[in-house]
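Read the structure below first, then the notes.
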Amino acid sequence: MQSPEEQLAILKRGSAQILSEAELLTKLRLGRPLNIKLGVDPTAPDIHLGFTVCLQKLRQFQDLGHQAILIIGDFTAMIGDPSGRSKTRPQLSHDTIMANAKSFQQQAFKILDPARTRTVFNGEWFEMMNFEQIIRLNSRVTLQQMLHREDFRSRIERGDSVRLHEIQYPIIQGWDSVMVKADVEMGGTDQLFNILVGRDLQKEEGMPEQVVFLMPLLEGLDGVHKMSKSLNNYVGVTEAPSEMFGKLMSISDALMARYYLLLLGEEMPQGHPMDAKKDLARRLVARYHSEEEGAAALNDFNTRFSKRDLDSAELPGVPVASLGTDIISAVVAAYSEGFQMTKSRGDARRLVEQGSVQLRSEKVTDPKASPGFNAGDVLRLDKTRAVRLV
RNA sequence: GGGUAGAUACCGAAGUGGCCAAACGGGGCGGACUGUAAAUCCGCUGUCUCUGACUUCGCAGGUUCGAAUCCUGCUCUGCCCA
């Protein structure tokens, strides 16, 4: 086992903020495995690359002999969050949450070491609480404290509603830290406030305060907003190799440097940016699938796009019989059969009229065309998608 | 509880009786160019049986030849007062 100083040096790498390093060092010197807490929200079962930034750091802690504690926020998820101004977030059933949690773990263990991971559900302690205890818990923090939080404040300034239960989230999360006796809590930089509340509550309970360990937030594919499912700018760790590869190839060069740093933990190499990007994509596919699939995805990308040779690329097969006779029906069917995507006929028509659709390497721009479909033909739909007729 | 402002397409936001499937911006998508990058230019962005038809402007009714626009009720939200 490395010395506390060595451990700190390793852990510091790539982190955004640690409050405080001195405290962390003191804890590392205790010579026992530390409890490293990471809270997860079981509303969406898919882990994306943004979240892996935290998971990888957590793995590093594990490799240094520490204990990861994954807290599944089943309690909060069951309450649901009715605020979502545009979309009401559905209250999740217990079954859904358990299923999500399970799939979450499966994905997380692509990165984490199961032997050093403890998974707990916060319903374990919150479901037991009665109203008196809840009030008492609430009395420990002030409204001013909660309103200090950036996103609440900005919502108030914008005139958006903030529901009372939302300001309890930090308290709930903080109490989790008390219950699992967290030595360190990890999170993205947006978690600073919540994690600090955990410290306050631990202090009030007369226990040592957890160290705040923040990782940078990974920007999504758009390069602007943080990677998130709702913005649809994410890469999921379970996505198919070619899909993952393709998404990674579409990022900007500036963003690529970030991805190198946060996902691979190294500097972006010199040389042609495209080669660097291919290597990034290949390695990440290899990490979440396998070396072979990484190499295959790279190879496939090269034939499909660099050589523009769709015929020999691997494409989803779609039965000729499902296409109908006209080109619009065929495009709609190809999207749904080949990619499980629902396109309206209007969308399909636009793609055709605008020259995106190709059959047997020739553009079909007449929406009324019935060009005849044969097994073996390649039907190109848009920039990234094509199917092979079978 | 009282007052007041508001609810428009993915988001922001115009429109306040017919010229509105609804300006403009963002986002998204497609084309050209390329490295499936960036930048730039062009086009599209409710649905369909697509030079036309149909359904949309919080919900339900009503007035009118005609309503996103006027009236009534309801739901939701902000702000001010209590």
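Chain identifiers are assigned alphabetically (A, B, ...) following the order of the sequence lines, protein sequences preceding nucleic acid strands; residue numbering begins at 1 within each chain.
Side-chain atoms of A/Glu239 and A/His48 include no donor-acceptor pair closer than 3.5 Å. At a cut-off of 3.5 Å, with distance as the only test, no side-chain donor of A/Lys226 or A/Asn233 sits close to an acceptor on the other residue. Using a 3.5 Å distance cut-off with no hydrogens or angles, the side chains of A/Gln56 and A/Arg287 do pair a donor with an acceptor. The closest side-chain donor-acceptor pair between A/Gln62 and A/Gln67, if any, does not fall under 3.5 angstrom. When only modelled atom types and interatomic distance are considered, A/Gln106 and A/Ser103 share no side-chain donor-acceptor pair under 3.5 Å.
Among the heavy atoms of the strands, none lies under 4.0 Å from A/Asp222. Nucleic acid contact class of A/Lys278 (heavy atoms, under 4.0 Å, all strands): none. Within 4.0 Å (heavy atoms only), A/Leu255 reaches no atom of the nucleic acid at all. Residue contacts for A/Gly355: at a heavy-atom cut-off of 4.0 Å it reaches the sugar-phosphate backbone alone, with no base atom in range.
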Treat a base pair as Watson-Crick or G-U wobble with both distances under 3.5 Å, then lay out RNA chain B in dot-bracket form, 5' to 3', with | for cross-strand pairs. ((((((((.[[[..)..(.....]]]((((((.......))))))(((...)))...[[[[[..)....]]]]]))))))).
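We find that CG of A/Asp275 is positioned 15 Å from P of B/A37, with the value rounded to whole Å. Atom CD of A/Gln358 and atom C1' of B/A32 are 14 Å apart (whole Å). Distance A/Glu353 CD to B/U45 C1': 13 Å, rounded to the nearest Å. At whole-Å resolution of the value, CZ in A/Arg308 and C1' in B/A32 are 12 Å apart. With rounding to whole Å, A/Gln354 atom CD is found 6 Å from B/G43 atom C1'. Rounded to whole Å, atom C1' of B/G30 lies 12 Å from atom CZ of A/Arg385. To the nearest angstrom, C1' of B/G43 lies 13 Å from NZ of A/Lys383. Spacing between atom NZ of A/Lys307 and atom P of B/U34 amounts to 20 Å, rounded to whole angstrom units.
Only the C1' atoms considered, B/C80 is 26 Å distant from B/G73, to the nearest whole Å. Separation of the C1' atoms belonging to B/U64 and B/G2 is 35 Å when rounded to the nearest angstrom. Taking the P atoms as reference points, B/U55 lies 15 Å from B/C48, given to the whole Å. Straight-line distance between the C1' atoms of B/G66 and B/C76: roughly 30 Å, to the nearest whole Å. For B/A7 and B/C59, the C1' atoms lie 11 Å apart once the distance is rounded to whole Å. B/A14 and B/C24 are spaced 15 Å apart, taking the P atom of each and rounding to whole Å. Comparing the P positions of B/U16 and B/G27 gives a spacing of 28 Å, expressed to the nearest Å. Comparing the P positions of B/G18 and B/C71 gives a spacing of 15 Å, expressed to the nearest Å.
Around CD of A/Glu314, the count of heavy atoms belonging to other residues, nucleotides or ligands within 6.0 Å does not exceed 12. Within 6.0 Å of CZ in A/Arg136 there are 12 or fewer heavy atoms belonging to other residues, nucleotides or ligands.
Checked against B/G31, B/G35, B/A37, the side chain of A/Pro273 finds its nearest nucleotide in B/G35. Out of B/G35, B/A32, B/A37, the shortest distance to the side chain of A/Lys363 is found at B/A32.
Annotation: side chain of A/Leu28 is in contact with side chain of A/Leu8 (closest heavy-atom distance under 4.5 Å). Using a 4.5 Å heavy-atom threshold, the side chains of A/Met244 and A/His289 count as touching.
For A/Phe245 and A/Val357, each mapped to the nucleotide of RNA chain B holding its nearest heavy atom, the one lying further toward the 5' end belongs to A/Val357. Map A/Ser306 and A/Arg380 each onto its nearest nucleotide of RNA chain B; the residue landing nearer the 5' end is A/Arg380.
For the pair A/Lys247 and A/Tyr234, the distance from NZ or CZ to the six-membered ring centre is under 6.0 Å and the angle to the ring normal is within 45 degrees.
The shortest distance between the side-chain N/O atoms of A/Arg350 and the OP1/OP2 oxygens of B/G46 is not below 4.0 Å. Between A/Arg349 and the phosphate of B/C29, there is no side-chain N or O to OP1/OP2 separation shorter than 4.0 Å.
Residues from residues 334-347 of chain A with heavy atoms under 4.0 angstrom of RNA chain B, sorted by number: A/Ser344, A/Arg345, A/Gly346.
With hydrogens and angles ignored, a donor-acceptor pair under 3.5 angstrom links the side chain of A/Asp253 to the base of B/G35.
Note on A/Arg345 versus A/Asp326: salt bridge recorded, some NZ/NE/NH1/NH2 to OD/OE distance being below 4.0 Å.
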